[in-house]
Amino acid sequence: MKLTILKHWLNEAMQHVSKAINGKNSLPILSGIKMDVTAQGVTLTASDIDTTIQATIPAATEDGAQIVTVDEPGSVVLPAKLLVEMIKKLPKEEVHIETEVGFAALLKSGKTKINMVGMDPEEFPAVPALTEERSFTIAGSDIRDMIRETVFAVSTQETSPILTGVLWQLEPSKLTLLATDRHRLAQTAAEVGDGDNALIKFVVSGKMLTELNKVIADDSGDVEITATQSQVLFKVGRTRLYCRILDGTYPDTSKIIPTAFKSELVVSTKAINAAIDRAFLLAREEKTNIVRLETGEDNAVTVSSNSSGLGSVSEQLEAESITGEPVRISFNSKYMLDVLKVIDSEQLRIGFTGPMSPIIIKPVDGKDSLYLILPYRTTN
């Protein structure tokens, strides 16, 4: 294998694929990045078995500018940690790479030479084979927003593996993403122009979706998604992300989401975020993060918290509107702040059905998103 490649193209591709590498994996071959070189360009692959990321670098740009010059095709697996750090620090834009006996590799850039101990590419796991019978396409900007608006609510407890992922549900013309850790829930939906009439449901690891969002750039265009019984593939430009679908049955959350409310308020997102953020400063000292919200006359909303060792805080703001019964409810302020961070609407609607019933938060701008937080029972 012998080639010359432009450093910034190689560096960008390696930054993407290296996200699949898990330092805890016991198989030495999975600590490396596989490099396949052909006349058409270079393909980089990294995997931890559950997740595989593959990035392709073409031999030339669409306007004919040369990116890769291949003198001899071939394959090798090189140590990822060293390779990623070294490529970033090479002095020149052109990088020459060639393999020698026993998969040893020589990298040259300017007057810099690096020898690396490579591994046999035949030992590297094969990329999952997928049929493309169940696939759909959605704008990269839409999928990035949907992931951002839901992934924060996944569980971090491995005792319930299915809840560490986000549920994807495709119906005709509509894609819904949902995440819950049993204490809160985030759900958002968007229109999908294509996709068959069959219902598609699968659960993808929240950690993997966070990495997917890093790959989707502002100019990524559409993302093509293909799902099988055990794997899902995301195609983002020249990058492919393969991920194992989480096993198990996602809980039916429809029964816990109220559709009618005893009380509702419409309030400025910025104002209530600022008030709860200040109350959180004391609430976090109690390790419970509990903040209370109360409604009063003349559309008044009071947000308060206290700390036995520091004091208390109480702040009043004016809601756009308040309907129904008076509200006095306590909740985890961090959970509420996580929701407020992802709502882009200038105003939000909060619905209540009782002091111990779920709190529902929705943006007022009409976006098809919904957030649920379970309240806390307090003694006062």
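We use all heavy atoms of the structure for the numbers below, so side chains are in, but hydrogens, waters and symmetry mates are not. None of the values given here were measured: they were computed from a predicted structure.
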Any side-chain heavy atom of [X] within less than 4.5 Å of one from [Y]?
X      : Y      : value
Gln54  : Tyr242 : yes
Val291 : Val303 : yes
Pro125 : Leu30  : yes
Leu281 : Val313 : no
Ile33  : Leu78  : no
Leu340 : Ile276 : yes
Gln187 : Leu167 : no
Thr295 : Leu265 : yes

Applying the side-chain hydrogen bond (donor to acceptor under 3.5 Å, both in side chains) criterion to His96, which one of Glu98, Lys92, Glu94 satisfies it?
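Only match with His96 under side-chain hydrogen bond (donor to acceptor under 3.5 Å, both in side chains): Glu98.
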
Going from [atom1] on [X] to [atom2] on [Y], what distance comes out if it is rounded to the nearest 0.5 angstrom?
X      : Y      : atom1 : atom2 : result
Thr269 : Glu346 : OG1   : CD    : 8.0 Å
Phe234 : Met208 : CZ    : CE    : 5.5 Å
Thr99  : Met35  : OG1   : CE    : 10.0 Å
Lys89  : Ser109 : NZ    : OG    : 14.5 Å
Thr180 : Leu185 : OG1   : CG    : 4.5 Å
Lys201 : Arg134 : NZ    : CZ    : 11.5 Å

Can you get from [X] to [Y] by hopping between Ile, Leu, Val, Met, Phe, Trp and Tyr side chains that sit under 4.5 Å apart?
X      : Y      : value
Leu83  : Ile57  : yes
Leu337 : Leu370 : no
Leu348 : Phe331 : yes
Ile361 : Ile272 : yes
Met1   : Val117 : no

Under 3.5 Å donor-acceptor, [X] side chain and [Y] backbone:
X      : Y      : value
Thr61  : Ala65  : yes
Lys19  : Gln15  : yes
Ser18  : Met14  : yes
Asn22  : Asp48  : no
Ser305 : Ala279 : yes
Asp338 : Lys341 : no
Arg238 : Ala13  : no
Thr210 : Gly206 : yes
Gln157 : Thr159 : no

Going by atom types alone, do [X] and [Y] pair a side-chain donor with an acceptor below 3.5 Å?
X      : Y      : value
Ser369 : Thr188 : yes
Glu224 : Thr137 : no
Ser263 : Glu325 : no

In terms of ring plane angle, is the pair Phe202 and Trp168 parallel, tilted or perpendicular, where the classes change at 30° and 60°?
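Plane angle under 30°, so parallel.
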
Is [X] salt-bridged to [Y], going by a charged N under 4.0 Å from an acidic O?
X      : Y      : answer
Lys334 : Asp277 : no
Lys174 : Glu191 : no
Lys7   : Glu93  : no
Lys214 : Glu211 : yes
Asp50  : Arg244 : yes

Looking at every heavy atom in both [X] and [Y], which two are closest together, and how far apart are they?
X      : Y      : value
Cys243 : Thr51  : SG-OG1, 4.1 Å
Leu374 : Pro358 : CD2-CG, 3.9 Å
Ser312 : Asn306 : CB-CB, 3.7 Å
Ile87  : Leu10  : CD1-CD2, 3.7 Å
Ser330 : Ile290 : CB-CG2, 3.8 Å
Ile29  : Asp120 : CD1-O, 3.6 Å

From CA spacing to verdict: salt bridge (Lys or Arg N to Asp or Glu O under 4.0 Å), Lys235, Asp222:
CA-CA 9 Å; Lys235 296 181 183 177; Asp222 290 343; over 6 Å; no

[X], [atom1]: over 12 other non-hydrogen atoms inside 6.0 angstrom:
X      : atom1 : result
Gln316 : CD    : yes
Lys207 : NZ    : no
Asp252 : CG    : yes

Candidate pair Ser75 and Asp36, rule side-chain hydrogen bond (donor to acceptor under 3.5 Å, both in side chains), full reasoning
CA-CA 4 Å; Ser75 301; Asp36 293 301; 2.5 Å; yes

Just do the side-chain hydrogen bond (donor to acceptor under 3.5 Å, both in side chains) check on Arg182 and Ser160 with the steps written out, would you?
CA-CA 10 Å; Arg182 292 200 173 96; Ser160 299; 3.2 Å; yes

Go through the steps to decide whether Glu294 and Thr302 satisfy the test side-chain hydrogen bond (donor to acceptor under 3.5 Å, both in side chains), and finish with yes or no.
CA-CA 5 Å; Glu294 297 179 66; Thr302 302; over 6 Å; no

For Ala126, what residues pass the side-chain contact (heavy atoms from CB on, under 4.5 Å) criterion, not counting sequence neighbours?
none

Could you go step by step and tell me if Leu246 and Val204 meet the side chain to side chain contact (heavy atoms under 4.5 Å, CB included) rule?
CA-CA 6 Å; Leu246 297 185; Val204 182; over 6 Å; no

Kindly indicate, with the supporting measurements, whether the criterion side-chain hydrogen bond (donor to acceptor under 3.5 Å, both in side chains) is fulfilled by Ser47 and Thr52.
CA-CA 4 Å; Ser47 178; Thr52 299; 3.0 Å; yes

Let's go through Ile360 and Ile257 carefully: what are the C-alpha distance in whole Å and the side-chain angles of both, what is the deciding distance for side chain to side chain contact (heavy atoms under 4.5 Å, CB included) to 0.1 Å, and is it a yes or a no?
CA-CA 8 Å; Ile360 300 297; Ile257 301 175; 4.3 Å; yes

